[in-house]
Amino acid sequence: AASSEGRCQELLKAKIGVLRLSSSAPVLIAQDKGYFKEAGLEIELKFFDAAQPIAVATASGDVDFGVTAFTAGLYNLAGKGALKVIGGMSREKAGYPLIGYFASNNAHAGGLKTPKDLAGKRIAVTQTGSSFHYSLGLLADKYNFKLAEIKVLPMQSLSNAAAALKGETVDAALLPVSTARKLIDDGGARLLGWVGDETPWQLGAVFASPKALGNKPLVTKLLAALARADREYHDVILASIKDGKADINDKTRPLLEIIAKYTNLPVEQVVGNCAYIDPDGKLDVRNVANQIEWLQEQGFVDKGVGVDAIIAKEFVKAD
Amino acid sequence: MDLIAHHISHRFGALEVLDDVSFTLRSGEVVAIVGPSGCGKSTLLSILGGLLQPSAGQAEWRGAPPPDSRNPLTFVFQDFALLPWCTVAENVEFPLLHANLSERERCAVVDDALRRTSLSDFRGAYPRQLSGGMRQRVGIARALGVRPAILLMDEPLSALDSQTRELLMEDFIRLLADGSMGAVYVTHNLEEAVRIADRIVVLSRRPGRIREVVTIPLSRSERGDIHAREQLLALQSDLWSLIREQAVEAEREVQHA
Amino acid sequence: MDLIAHHISHRFGALEVLDDVSFTLRSGEVVAIVGPSGCGKSTLLSILGGLLQPSAGQAEWRGAPPPDSRNPLTFVFQDFALLPWCTVAENVEFPLLHANLSERERCAVVDDALRRTSLSDFRGAYPRQLSGGMRQRVGIARALGVRPAILLMDEPLSALDSQTRELLMEDFIRLLADGSMGAVYVTHNLEEAVRIADRIVVLSRRPGRIREVVTIPLSRSERGDIHAREQLLALQSDLWSLIREQAVEAEREVQHA
Amino acid sequence: MLDRAGEQAASPPADINAEARPVAFRGAGFAPKAGRYSGWIALVLVLGLWQLAGSAGWVNPLFLPPPSAIALALWKLALSGALWNHVSASVVRIGAGWILGTMAGVAVGFAIGLSSLARGVGITFISALFPIPKIALLPLLILWLGIGEEPKIATIALGVFFSTAISVYSGVDAVPRNLIRMAQSFGVPFASIVRRVIWPGALPSILAGFRISASVALLLVVSAEMIGAQFGIGAFVLQAGNLMQTDQLLAGVVVLSLFGLAVGKLINLLETRLLHWR
Amino acid sequence: MLDRAGEQAASPPADINAEARPVAFRGAGFAPKAGRYSGWIALVLVLGLWQLAGSAGWVNPLFLPPPSAIALALWKLALSGALWNHVSASVVRIGAGWILGTMAGVAVGFAIGLSSLARGVGITFISALFPIPKIALLPLLILWLGIGEEPKIATIALGVFFSTAISVYSGVDAVPRNLIRMAQSFGVPFASIVRRVIWPGALPSILAGFRISASVALLLVVSAEMIGAQFGIGAFVLQAGNLMQTDQLLAGVVVLSLFGLAVGKLINLLETRLLHWR
Ligand SMILES: Nc1ncnc2c1ncn2[C@@H]1O[C@H](COP(=O)(O)OP(=O)(O)OP(=O)(O)O)[C@@H](O)[C@H]1O
Ligand SMILES: Nc1ncnc2c1ncn2[C@@H]1O[C@H](COP(=O)(O)OP(=O)(O)OP(=O)(O)O)[C@@H](O)[C@H]1O
Ligand SMILES: [Mg+2]
Ligand SMILES: [Mg+2]
């Protein structure tokens, strides 16, 4: 029925900026399985290789929607009214390995065995104000040490951070599992734990440019299509996860193959790399407020930016 | 077309090079300029041809250039100034490219100029492949190609052997015979000066001043006679002693101070 | 020290330039080389000085160079080859820098060479600030500074006025007088050749072959006499007709073919 | 009167010939000609050594995969057809960026070399703008030009522009002034002087500039494709880096190197073609 | 015998003087001298226009903060003392990297210009290695050299090296061969020929290369400081970019530009000093 309706109506056009990561899985699924089309949308995906440019491109109106992790840059843009959050995406959640704490072999031998031991160490992250940096902040709060005790080294790229770890020039690093897998397999570093297990938080979001926000039917249809994909992803893949790995079976394979296709990874790697996503696309608003406060304390986000100002309340399903 | 040096003085920075030089070149005349090395002959020529602005005075012209001339005031440079990336033929063709000539006519002009300077065999050679004398001939061929009203020649035969010089000199004299082309001829060779010039301007040591203007009392066509030969030789040695008496002592003084 | 051209032939690509040239320069002798433009005189000189490898034959030397010579075979180049970034004095000093000389001695040598070429006033000038003749004199000064056993001179006076030429010629003759220095003297000026040379090698048109070797029957010191003057003049015009009869017709043929 | 010494004086007497020594050849050297093969042989040697180091386990293959692994990755990439997509996307950007940057650079370089006003303004602006890092400007470039092909091409063009402009104007400065005076003395019009005297005179320097700018263009494709590129060698390299697929990363780098070699050969060819008069 | 015409023939008769026209001066131009002020005036004009565009609200200050905002950011940074930390950290890296890269580049450039073997090998390797993006190699540099100053300096040195080598060898190629032959004819030893003939002859091209490489060094400080730098203009710019603080980002860029201007002036000075013979 939906399809016949879609045929008579003009399809609404929009562009979504995404990363080639499984954390964007619902977008990929919705696009590949035609959920957007069925909702009356003609979506074009724009792939980026870092979170920041997606936010910038959304702010400039080059893409209408963005799906990626929260960063200080994103909050700063949102604070200036250049974009607004309309829904939740990936989360750090216990049992769903996404970002891990990794120790170098030497540091591990020297007693760095658990995330708690990270206090006082030299730790590589990608960028100041990134999700990795925030995760460290949460860890410091949890174990009651000061973030200032850690020497946070921004390496600007995941490969740089991995190389620093492998080269024993830092004690530890926060890396996504996709980057770290080879390093671990190779014996180049030791896993200390997963961020989701230590400090769950709302990692990613869906956000929209001001122009797209003005088009209510567009946003509503998009969110509906995404929710459908979220649900399917949750029920099929996330439900099959055991020991941090999804099962490859007849049910999961089609979806895994979609993800593999878009992320240029073999299916065998995709299964160990599945971000948790809320089945209803809910956003942990309290955590977002916490993120903003924390970043403001660090001086990474301009003072006076509040969570209310950056969230499009009419669309967000709060958690 | 007359060319007039009107009270020309020039200095390079603190170095005074020319001091109040005036003379007139009438249509079809040849004026030779002789003087010691470094006295400002090349500088004077540059000023006359509009390539250098004198510190005082100016170069002037009067009358109309011949209608078929493609570049009334044309130089033959002392350092040849050939384009190293052009072949001999292209170098000769260079000033003709913006003239109103068909491909065919241009080729004919180039061929003619090369033949007159015995360079036909080297049309396709690059300057670095030429001997010193051949380079100089390319410079002359290029100048002849544009049919100048007045040729400004800076020691045009200095790098040539006596034969070639003789031949080119005869060519020059033939070219100048009909009186349509004039020339300022800078040379250090008194024999040449006496053979080709109507008048000889003798410059002093730097700063160059006009010491003498010597008029040759024979027409150029008469100079070929056996009678005239003697007379010219005498003229030449007179000129030589004139230059010598003026400058040699002073030069010696400086030199062995 | 003798210098021997031993059956030297040379070709640039397909262009045959020298064909079996042989002669010997005995210690202290001066050999002049004359020949039409482009016949291979500069090429021959490069080969004699070891700057070019001939296609066949070779340049050889015999005996010992004088002990105080800093560079037995020294060139005066046709294109001067001055370093544009060095002043006149530095250019003259250049070949002395790696000689075993104290600062003081070097200065003295440079001063002397500059004085002899009347360049003392231009010690600090750069080549671009010099006239053509002055550049040539710098090249000569530089060559004199190294006390060569044999000077290889490529038209060393071509850009100079008659006065300066006269003076430098006298200098050359004085330098050569004691017989310790020899010279190969490429020139297109028969008067010069006759005045300075012991023998004159006449080359044919390209490919350069030895047409004649003319020995001057007077010692250099005798040539100053008034008697000798006449004789030399006669010699010179004989030489001229010799060159002329051999080459001019052929040249004309090509030229007006 | 003439004493014609003739043949016997012309050739040296044979008896003293024994002690004659050849004049030493002093004119050697200073004209290096690149051998046809030396470069390739050296390249093969280095690759062999690298492979050996990899096979012998002296270096960690995760960070420096041996050439064989890189070749394999390249092979797979070629088989899958993705290589072609990446290469063709990048070639268009590199080509367009290089051409735009070069045209602007040559024009500005000539202006600086020919006009006093352009010189004062141009050199100041080049000194001030050249050191601005393109990577830092990416956010602004996205804001200004979006995420289409424009900012990618602009990034490359910008990098090419500055070094070209500098090479060109210093080439123009080096054209011998006497040749220009010669042309002026023949009344050759300005445009013709620029085209027939200054251009060929500056060409050696311009070609050296092209050698630099072509490499810069290849280099910058990675920065350019940081801007939301779906295909392209740069995008491929970046993604491989993020996923620590070092063999793929280096495969991408090798593709850039091969391009560099090809362009280098092309410029060698241009040099022998256009500068044969030297 | 001599007919001395004397003064009256030497100066033109006064009566016909009326119709005489001066010979047109044809030797003008082609020797541009940069005005002392034109560059600065143009710079001020552009800044003024930019400020106007910002104040009048023609551009979104998020996209392009006006100069006043940038100046304010810079002022705050200077007051806090952080500016000094950043600048001093970067200057050391840039200086060390430039010097190392230049020394290597000059040495290799001379080798390529002088030896056939080095030419074949060198040009091939430069063509192959120059286009390798430094950002892609950072992981390897980190692995080999750690995250101290070494890899940062190496990044800059690497970037400087290639363009210097190319400029130098094309400068060596352009030295007139007749000067080298002259030196050889005087038996001047090889080293002396290189030092006194080839070096000054190649200097114009080398200085143009320095102009490029100095800017490249400034440019690369951002790439270099991607390697775990806490202080440095590059690190500052990167952080500002990550946080989308465009005024701070541009403040950092302005600092690099000012360095560029200073270096440009320095090279102008060197050129007038060392190339005054032209
Ligand atoms: N590098 C070169 N490549 C090719 N041909 C050359 C080269 N150098 C000289 N030639 C040719 O060799 C011939 C002889 O040249 P050379 O310079 O020896 O003549 P020359 O006798 O010195 O003449 P001139 O009196 O005019 O100086 C000329 O025809 C010239 O074209
Ligand atoms: N560009 C310049 N800068 C400074 N001084 C110069 C420049 N050009 C020439 N001179 C000086 O001007 C004087 C005259 O030079 P010019 O070339 O006119 O002499 P010339 O009479 O042609 O000499 P020659 O017969 O040797 O060619 C010389 O002393 C020279 O040093
Ligand atoms: Mg002169
Ligand atoms: Mg010659």
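Basis for what follows: all heavy atoms, side chains included, without hydrogens, waters or symmetry-related copies. Keep in mind that this is a model prediction, so the values were computed, not measured. Convention: sequence-line order gives letters A, B, ...; per-chain numbering from 1.
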State which residue, out of A:Asn76, A:Thr71, A:Asp302, fulfils the side chain to side chain contact (heavy atoms under 4.5 Å, CB included) condition with E:Leu243.
->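 Going through A:Asn76, A:Thr71, A:Asp302 one by one, the side chain to side chain contact (heavy atoms under 4.5 Å, CB included) with E:Leu243 is satisfied by A:Asn76 alone.
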Would you mind checking which part of [X] comes under 4.5 Å of any heavy atom in chain E, side chain (CB onward), backbone (N, CA, C, O), both or neither?
X: A:Ser157; result: neither
X: A:Val125; result: neither
X: A:Lys166; result: both
X: A:Ala82; result: side chain
X: A:Ala124; result: neither

Decide if atom NZ of A:Lys15 counts as having more than 12 heavy atoms of other residues, nucleotides or ligands within a radius under 6.0 Å.
->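 No, NZ of A:Lys15 has 12 or fewer neighbouring heavy atoms, counting only those of other groups under 6.0 Å.
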Side-chain heavy-atom pair [X], [Y] within 4.5 angstrom cut-off:
X: A:Gln127; Y: E:Gln239; result: no
X: A:Gln52; Y: E:Met244; result: yes
X: A:Met155; Y: E:Ile142; result: yes

Grab the two heavy atoms, one from E:Ile147 and one from A:Ala164, that are nearest each other, plus how far apart they are.
->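 So the two residues come closest at CG2-CB, 4.0 Å.
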A:Ala163 versus E:Leu143, closest heavy-atom pair with distance |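 So the minimum-distance heavy-atom pair works out to O-CD1, 3.5 Å.
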Under a 4.5 Å heavy-atom cutoff, which of A:Leu153, A:Val56, A:Leu77 has the most pairs with chain E?
->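 Going by pairs under 4.5 Å, I would pick A:Leu77.
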Most chain A-contacting option - heavy-atom pairs closer than 4.5 Å, from E:Met226, E:Gln230, E:Glu225 =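 Between E:Met226, E:Gln230, E:Glu225, the count favours E:Met226.
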Where on E:Ala235 is there a heavy atom nearer than 4.5 Å to chain A: the side chain, the backbone, both, or neither?
->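 E:Ala235 has no heavy atom closer than 4.5 Å to chain A.
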